[in-house]
Amino acid sequence: MITGKNYIGNRLSGEGVSSHRTVDPKLNIENPTAFMEATEDEINEAVDLAAIAFQTFKKTSGEQRADFLNAIADEILALEDELIQMFCLESGLPEGRAVGERGRTVFQLRSFAELVSNEEWRNNVIDKAIPDRQPLPKPDIRKTSIPLGPVVVFAASNFPLAFSTAGGDTASALASGCPVIVKSHAMHSGTGELVASAIIKAAERTGMPNGVFSNITGRGRTVGTALVKHPKVKAVGFTGSISGGRALYNLAAQREEPIPVFAEMGSINPVVITPQAIAARSEEIASTYAGSITLGTGQFCTNPGLILTVESEGVEDFVEDLAAKTVAIDPQCMLHPSIKSGFVQNENIVTGQKGVSVVGRLEESIDPNYAPSQINATSGADFLANPKMHTEVFGPFSLVVKSKDEEELIAVINSLEGQLTGTILAEESELENLEGIIDALQNRVGRIIFNGVPTGVEVTGAMTHGGPYPACSDSRFTAVGLGAIKRWVRPFSYQNWPKELLPDALKD
Ligand code: NAP
């Protein structure tokens, strides 16, 4: 049952005076529960508890943390339909998506459990002593990875389960031995509280220290700011807007002790479609991309927001067909009213630029939080002259840029900011001639896709869900997949340390 309170460690607490309600975006009305926003005292207590819990949690074995993560997965599943209904009520997303996202969340938790059930993930290195090395003896040095300390995770609005309370950031941080304090997203606080209750039950059941997890609600930035500034917080995970991620990054850098902020932010995910691909399979590409652009109402960080091609026979027909197919897909509800207003605002920025034409836009009247999908077009020269066209329009929107030749298309790619993904749709026989495009994309993105769509991010060891700024605040790491654990640890070396005092995995 939802209480509207915060979890300060294992204790439910609602000492504040301000509260907020989530919204049913389909009906455009507020949901009944008032969520109490955390006070300064509650925030401090949660962080203090996390810092104390860290002293024991960091010493737990991999098996103990694996049991904890698996128990969280079990408790989430035990919430059954209550969780699914709450997810749908607060996000406007369909039941199938809720079930799928729960499956992904559980899979992530179990994957990290498996990862830490042995010590290989720590990338230990043992360099044995060479006492008779000349001119000086070489000491015995053994390196491992140790957890950073309490981590603050900002729940993402567009994945109420998989990138939120028990999502990839939380699962990877707990797996590494870091306690987690979640700043719940104000627009799905009910889903957040239910998942938090599952984590607390799992923590109690597996004997984890009180404070290993807290869930804190708030809006208006006060709570998030206080958490990031707290001296006992040692790292931050964030998924959301560029302005939000950058603000938190700056805040963390200005602390007396700066801390890392792993922010996954904006991306327009360029897709290069060659004239040969259009000539060979125009209709198939148009259908596939209409589906990808509108998937989840376009509210994915990997949404294909920018389609790059070269003027040639068939291109105009392809763009018209893509627009017709995109607009023909039934409009869907957006996550909450401010996502919808952000969509309208950014859509107006891009379509208001000189040289941008609307090729297709859903014109029929729709309910307030539903999104009119649309396809726009511009020339390579106009795009190159105007960085405002790079604006991320978070929703079912894509801008087609038609360059006059390949050289201009490469210049367009080079003009882009860092991106999560880049895609090439081409005939296999042309690939060897596309080196310039491939090199340009590799320079701007974290993942390159051949003849596919960027939407859909596998949780696997080989995944890179990151990229140069502003796709991410640190392009050396991934936010999805098993590699995400590396964000929460630091290297640590033992020199000439007595063998009996070394961690087991570092003994001979
Ligand atoms: P958001 O505005 O970035 O907020 C996400 C979280 O960060 C919230 O908990 C918010 O707290 C906190 N936050 C943001 N700015 C902050 C600041 N200056 N100081 C302290 N805390 C701050 O994201 P959103 O609400 O999910 O959606 C807004 C827009 O972000 C969307 O329309 C979309 O354009 C973009 N977005 C992008 C992605 C992506 O994957 N690329 C994903 C989601 C959203 P408060 O609630 O207290 O403000």
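All values derive from a computational prediction rather than experimental measurement. Order of appearance sets the numbers: ligands from 1, and atoms from 1 within every ligand.
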Next on the checklist: Under a 3.5 Å threshold, yes or no: a donor from one side chain and an acceptor from the other, between Thr3 and Glu193?
Outcome noted: yes
Checklist entry - Would His185 and Phe154 count as a close aromatic pair, with their ring centres under 6.0 Å? => result no
Next on the checklist: Between Asn6 and Ile8 (side chain of the first, backbone of the second, donor and acceptor by atom type, cut-off under 3.5 Å), is there such a pair?
Outcome noted: no
Checklist entry - Quick one: side-chain hydrogen bond (donor to acceptor under 3.5 Å, both in side chains) partners of Asn269, sequence neighbours excluded? => result Ser267, Thr421
Kindly print each ligand 1 N/O atom paired with any protein N/O atom under 3.5 angstrom away, one pair per line, or none if nothing qualifies.
residue  : atom   : partner : partner atom : Å
ligand 1 : 3 (O)  : Ser241  : N            : 2.9
ligand 1 : 3 (O)  : Ser241  : OG           : 2.5
ligand 1 : 9 (O)  : Lys183  : NZ           : 2.9
ligand 1 : 25 (O) : His185  : NE2          : 3.0
ligand 1 : 26 (O) : Ser157  : OG           : 2.5
ligand 1 : 26 (O) : His185  : NE2          : 3.3
ligand 1 : 30 (O) : Ser241  : N            : 3.4
ligand 1 : 41 (N) : Met265  : O            : 2.5
ligand 1 : 47 (O) : Gly220  : N            : 3.1
ligand 1 : 47 (O) : Arg221  : N            : 2.7

Checklist entry - Would you say the side chain of Ile375 lies within less than 4.5 Å of the side chain of Ile293, judging by non-hydrogen atoms? => result yes
Checklist entry - Would you say the side chains of Asn31 and Asp24 form a donor-acceptor pair under 3.5 Å? => result no
